Amino acid sequence: MGGVVGKSESLRKAWMPETKLEAKMVEAMQRRASEGTAMKSFNSIILKFPKIDEGLRNCKAIFQQFDEDSNGAIDHEELRRCFHKLEISFSEEEINDLFEACDINEDMGMKFNEFIVLLCLVYLLKEDPSALHAKSRMGMPTLEATFETLVDAFVFLDKNKDGYVSKSEMVHAINETTAGERSSGRIAMKRFEEMDWDKNGMVNFKEFLFAFTRWVGIDDVEDEEEEGEEKV
């Protein structure tokens with residue numbers, strides 16, 4: 001007789017991506033996971049926060065360049081022109097999917113934090129080396145190390161390399177770092193809940209990225225800028 005499969009494990013095996021874009025993200029992340037990760041613990045991710053924060057803020061100049069009407073958001077047409085200038089050859093359907101996935105407020109415009117997530121997804125999905133040369137003319141290589149660190153962090157958390165992070169994997173990652181501390185389980189749950197936006201018990205790379213922009217304070221910068229503009 002075979003062993004009984006646990007409920008969470010059977011659910012995980014039956015998990016299916018909800019969109020084409022999510023399926024591509026999962027496939028790309030599974031390929032990347034096969035290469036391994038340089039991260040040794042959850043603490044090693046936390047220690048990289050300042051450098052990641054600095055790297056992501058360097059996106060601001062790129063964001064402002066493509067926010068042609070300077071309204072603080074990149075609309076669909078601005079994004080298409082952005083891709084054209086960066087010589088990133090995505091189909092119209094792929095551009096639409098990326099825009100819809102990253103415009104989380106559904107206000108038909110990507111704010112700075114949403115644009116960061118989009119660029120990182122492009123980095124993950126784009127395998128054409130010639131595209132990287134095009135990006136270099138826009139100052140993108142400085143961001144590639146930051147994006148690679150974020151991919152590496154996700155791979156570290158995704159213990160079974162299926163392209164998603166589950167609640168048990170998050171607990172496992174934090175317990176490795178904080179062995180013996182009673183609070184570690186609560187910390188893991190809190191961090192997981194911050195990532196799992198749709199509350200389906202599984203975190204994909206896009207959800208992870210949005211949580212990360214909050215953790216390093218990118219959202220706070222936007223709020224401060226908006227408050228400053230209102231006072232002027």
Side-chain angles (χ1 to χ4, degrees), residues 8 12 15 22 25-60 102 112-127 132 135 139-197 201-222:
S8 61
R12 165 170 280 238
W15 190 261
E22 185 177 348
M25 274 193 298
V26 168
E27 188 181 334
M29 194 54 78
Q30 287 170 339
R31 277 197 306 271
R32 177 60 185 76
S34 66
E35 299 169 17
T37 175
M39 299 289 177
K40 302 299 182 191
S41 68
F42 195 75
N43 266 358
S44 65
I45 298 174
I46 293 169
L47 289 172
K48 289 183 184 291
F49 274 21
K51 198 154 190 176
I52 292 169
D53 182 27
E54 182 186 351
L56 295 180
R57 285 169 204 272
N58 287 337
C59 289
K60 195 71 177 179
C102 296
F112 179 47
N113 68 317
E114 295 169 329
F115 183 66
I116 286 173
V117 172
L118 180 132
L119 285 183
C120 197
L121 291 180
V122 168
Y123 172 79
L124 174 69
L125 297 171
K126 209 57 191 154
E127 291 187 325
L132 298 180
K135 290 177 191 175
M140 291 279 280
T142 55
L143 297 172
E144 286 179 18
T146 302
F147 291 156
E148 183 56 32
T149 300
L150 289 166
V151 171
D152 216 25
F154 188 89
V155 169
F156 168 75
L157 295 173
D158 181 16
K159 299 297 183 186
N160 73 347
K161 300 177 172 52
D162 68 347
Y164 294 95
V165 173
S166 68
K167 200 174 287 186
S168 61
E169 285 174 325
M170 192 70 189
V171 171
H172 181 69
I174 289 183
N175 279 342
E176 282 181 332
T177 301
T178 56
E181 289 186 20
R182 289 183 182 178
S183 62
S184 61
R186 289 198 300 274
I187 294 167
M189 287 302 96
K190 187 171 188 302
R191 288 285 177 255
F192 187 83
E193 285 165 9
E194 288 166 0
M195 291 193 294
D196 187 18
W197 280 31
M202 303 290 274
V203 172
N204 62 31
F205 188 51
K206 183 191 83 172
E207 290 176 307
F208 171 76
L209 289 173
F210 274 116
F212 223 101
T213 62
R214 292 198 305 280
W215 292 347
V216 299
I218 296 294
D219 280 2
D220 296 340
V221 171
E222 284 197 313

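Just so you know, these numbers come straight off a predicted model, no measurement behind them. Just so you know, residue 1 is the first one in the sequence shown, and it goes up from there.
Side-chain atoms of E194 do not come within 3.5 Å of backbone N or O of A211 as any donor-acceptor pair. At least one donor-acceptor pair closer than 3.5 Å links the side chain of D158 to the backbone N or O of D162. Between the side chain of E207 and the main chain of N204, a donor-acceptor pair closer than 3.5 Å is present. The main-chain N or O of I52 is never found under 3.5 Å from a side-chain atom of T146 such that the two would form a donor-acceptor pair.
Pairing each heavy atom of A153 with each of F208, the nearest pair is CB-CZ, 3.9 Å. Between R57 and V216, the shortest heavy-atom distance links the atoms NH2-O, 3.6 Å. Closest of all the heavy-atom pairs between C120 and L150 is SG-CD1, 4.2 Å. When all heavy atoms are compared, the tightest approach of L56 to F112 is O-CZ, 3.5 Å. Among all heavy-atom pairs drawn from V155 and G36, the shortest one is CG1-O, 4.0 Å.
Using a 4.5 Å heavy-atom cutoff, the side chains of M189 and V171 are in contact. The closest side-chain heavy-atom distance from Y164 to M29 is not below 4.5 Å. When side chains are defined from C-beta on, T149 does not count as touching K51, because their heavy atoms never get closer than 4.5 Å. For the pair V117 and N113, the minimum side-chain heavy-atom distance is 4.5 Å or more. Between E148 and R32, the closest side-chain pair of non-hydrogen atoms falls below 4.5 Å. Two residues are said to be in side-chain contact when any heavy atoms from C-beta on lie closer than 4.5 Å; D152 and M39 meet this criterion. Annotation: side chain of R191 is in contact with side chain of W215 (closest heavy-atom distance under 4.5 Å). Residues M25 and E22 are in side-chain contact: their nearest non-hydrogen atoms beyond the backbone lie under 4.5 Å apart.
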task: Assess whether side-chain contact (heavy atoms from CB on, under 4.5 Å) is satisfied between M195 and F212, documenting all intermediate values.
output: CA-CA 8 Å; M195 291 193 294; F212 223 101; over 6 Å; no

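Separation of atoms CG (N58) and CG (D53) is listed at 10.0 Å; rounding is to 0.5 Å. For the atom pair E144 CD and L119 CG, the distance stands at 11.0 Å (nearest 0.5 Å). To the nearest 0.5 Å, atom CD of residue E27 and atom CG of residue L125 are 10.0 Å apart. Taken from CG in L121 to NZ in K206, the straight-line distance is 8.5 Å, to the nearest 0.5 Å. Atom CG of L209 and atom SG of C102 lie 8.5 Å apart (nearest 0.5 Å). The distance from the CZ atom of F192 to the OG atom of S168 is 8.5 Å, given to the nearest 0.5 Å.
Heavy-atom neighbours of K48 NZ from other residues, nucleotides or ligands within 6.0 Å: at or below the threshold of 12.
A cation-pi arrangement is absent between K40 and F42, since the terminal nitrogen or guanidinium carbon is not both under 6.0 Å from the aromatic centre and inside a 45° cone about the axis.
Here the options are F147, F205, F154, the test is side chain to side chain contact (heavy atoms under 4.5 Å, CB included), and the partner is L124; only F205 passes.
A salt bridge is absent between E35 and K161: the closest approach of a Lys/Arg side-chain nitrogen to an acidic carboxylate oxygen does not fall below 4.0 angstrom.
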